[in-house]
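Order of the sequence lines fixes the chain letters, A, B, ..., with proteins taken first and strands second; residue numbering starts at 1 for each chain.
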Amino acid sequence: MSPAENQVPVFEGIPSSDDLARIADLLVQAGLETIELSDGKGSRCFLRVKAPASAPHVPIAGAPSASVETMQTDIAVNAPYFGVLALTDLAEIGTLVRQGDVVAQMRIGTLQIPVTVPVEGTVVDVVGQDGVLTGYGAIIVRIEPTV
Amino acid sequence: MSDMQRFKRVLIANRGEIALRIQRACRQLGLETVAVYSEADADSRHVREADVALCIGPAAASKSYLDMEGLLLAAKVTDAGAIHPGYGFLSENADFADAVEAAGLTFVGPTGDSIRMMGDKITAKRAMRDAGVPCVPGSDGPLPSSAEEVRAIALEVGFPVIVKASGGGGGRGMRVVHSVDELDDAVVLTAKEAQQAFGNPTLYLEKYMQKPRHVEIQVLCDMHGTALWLGARDCSLQRRHQKVLEEAPAPGIPSETIAEIGERCVQACRQIGYRGAGTFEFLYEDGIFAFIEMNTRVQVEHPITEETTGIDIVAQQLRIAQGETLDMRQEDIRMQGHAIECRLNAEDAATFMPSPGTVTRWDLPGGPGIRVDTHVVSNYTVQPYYDSLIGKIISYGATREQAIARMRVALAEMRVEGISTNIALHQDLLADPQFQAGGVDIHYLERWLAERSSS
């Protein structure tokens, strides 16, 4: 790969660490947090950079570049509140879910708070346990987003 | 305890060392605990050791430890029968106390009405004056709108006076006035600030005591008319109205004088139907006590009273909340020996800026008369979101000299790495001849710090 310095490298498998660092710098400069790369053959790569505390749009000379936090191909759906977890039929590995679909309810007495899916994708893991008291922020399911 | 228990499971609506302290008291009484915590406190010791632990929100206190609705729902979903608020956060929020009781739960503390009464400085002072608790001379109520009448009050009280916001506290919304010429401007300005900061422009005025000490009386009251005082604490060593080091009893004040004030305090408690633990705070100068405010909760410095009386204040709070009768009389309470508490803060020794981070070494002191109340363990990360108190070292001795000597050894033994602490400050303070003599005033520490930094 020999892309111009201001272009995201062409995605051909897992990028090298140098490429990852360059992509991260480009994201920070553009004020973006996440990017998805795909090669049209089903391989995808998600990158997310941690925004610096002051979130400058122009990198400060000499400052360390934003680090690549994770490289993930799936995303976690977290509990928006605490309660007793009640999984729905959609919370099953292999299920195709759309944005806004409810994969679980957090129940406190008669109160029910839905756990909704942020993007369309396939459920690849069910982490939450049905009927168990579950805290705020706990991972309920993992989803591999559809391209 | 008997089958008469009102509750078997206590939700601890707090964090840090006080959450652990409450958890210990619950365990000793055979009560189960629910630890609710923010995402930032997931690795806390009391969370790991609780019967039930539940993350209720993100790090921001407004969405976790200050979220009334969330706490009530957490109590419901965990089957807790009582909520202990600790200190800070919602401990002195009357609406929260009311909401807890309205939900059919027990609030480990006084009624919402008592909290409300003491939260308003003017109402509190009036109630105390009516009950015979000595108060500082002042306007005895809101300042009139007429500048002329305000001047008349100030002249009668005698300058210097301090103008304070009725809804203020913690050193905010107050102004010292040294002469009658400055008075009009000071009143106008303070009212404006009070309106902005507290949504209430009501002011009052008091004699400004120039070199007072901070002396406070601990009380315990059950719901059956028993009210006890547990002696005095001297909390004069403060920086920016934050207590740094406390001791019990207050050096140099005769025990008969404390007994007289203590009796007035418990009399006031009976009159207002107070229940639970509480503290009457006074300024003390030239033999005169002047009531400042009542804290309607357990205080950070409660251990020094526990050491000198042998009474477990937090366990008593829980017993009182169960509806039990205090199983002691005033004449049974012995105040013996001397205790000192050093508050350990994660802060820069020179700038006092918070010093969050991971504690890589945490060696605690020990030996006779040394107690450490802390939630910190090795590799604990001090969070930047909350106050910087990381623990308290409490020393006890038969005499003040012995308590000081034990504390100096304890501080020298304590090893903390990974973060900065104020241990060196405590060591310097304990070596200070004026502190050793006892009875310094509330401005002493700030003067001492200023002199030290300029030399």
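Comparing G83(A), G135(A), A79(A) by how many heavy-atom pairs each has under 4.5 Å with chain B, the most go to G135(A). Chain A forms more heavy-atom pairs under 4.5 Å with one residue of G57(B), A74(B), A53(B) than with any other, namely G57(B).
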Derivation and outcome, side chain to side chain contact (heavy atoms under 4.5 Å, CB included), residues V382(B) and I390(B): CA-CA 8 Å; V382(B) 178; I390(B) 51 171; 3.8 Å; yes
Stepwise, does the side chain to side chain contact (heavy atoms under 4.5 Å, CB included) test hold for F352(B) with L449(B)? CA-CA 11 Å; F352(B) 296 97; L449(B) 286 167; 3.8 Å; yes
Steps toward side chain to side chain contact (heavy atoms under 4.5 Å, CB included) verdict (L90(A), V117(A)): CA-CA 10 Å; L90(A) 296 179; V117(A) 175; over 6 Å; no
Determine, step by step, whether I139(A) and D125(A) satisfy the side chain to side chain contact (heavy atoms under 4.5 Å, CB included) criterion, reporting the C-alpha distance in whole Å, the side-chain angles of both residues, the deciding distance to 0.1 Å, and the verdict. CA-CA 10 Å; I139(A) 298 173; D125(A) 194 7; over 6 Å; no
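Within residues 95-102 of chain A, no residue has any heavy atom less than 4.5 Å from a heavy atom of chain B.
For the pair F107(B) and I115(B), the minimum side-chain heavy-atom distance is below 4.5 Å. Taking 4.5 Å as the limit, every side-chain heavy atom of I419(B) sits out of range of all side-chain heavy atoms of P356(B).
How far CD1 of I83(B) is from CG of L72(B): 5.0 Å, rounded to the nearest 0.5 Å. Distance check, rounded to the nearest 0.5 Å: CG of L105(B) to CZ of F7(B) gives 10.5 Å. Within the model, atoms CD1 of I18(B) and CZ of F89(B) stand 12.0 Å from one another, a figure rounded to the nearest 0.5 Å. Between D130(A) atom CG and T88(A) atom OG1 the span is 9.5 Å, to the nearest 0.5 Å. In this structure, the separation between CG on L318(B) and CD1 on I22(B) is 8.0 Å, given to the nearest 0.5 Å.
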Which donor-acceptor pairs lie under 3.5 Å between chain A and chain B?
{"from": "Y136(A)", "atom 1": "N", "to": "C55(B)", "atom 2": "O", "distance (Å)": "2.8"}

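No part of V36(B) comes within reach of chain A, as not one of its non-hydrogen atoms sits under 4.5 angstrom from that chain.
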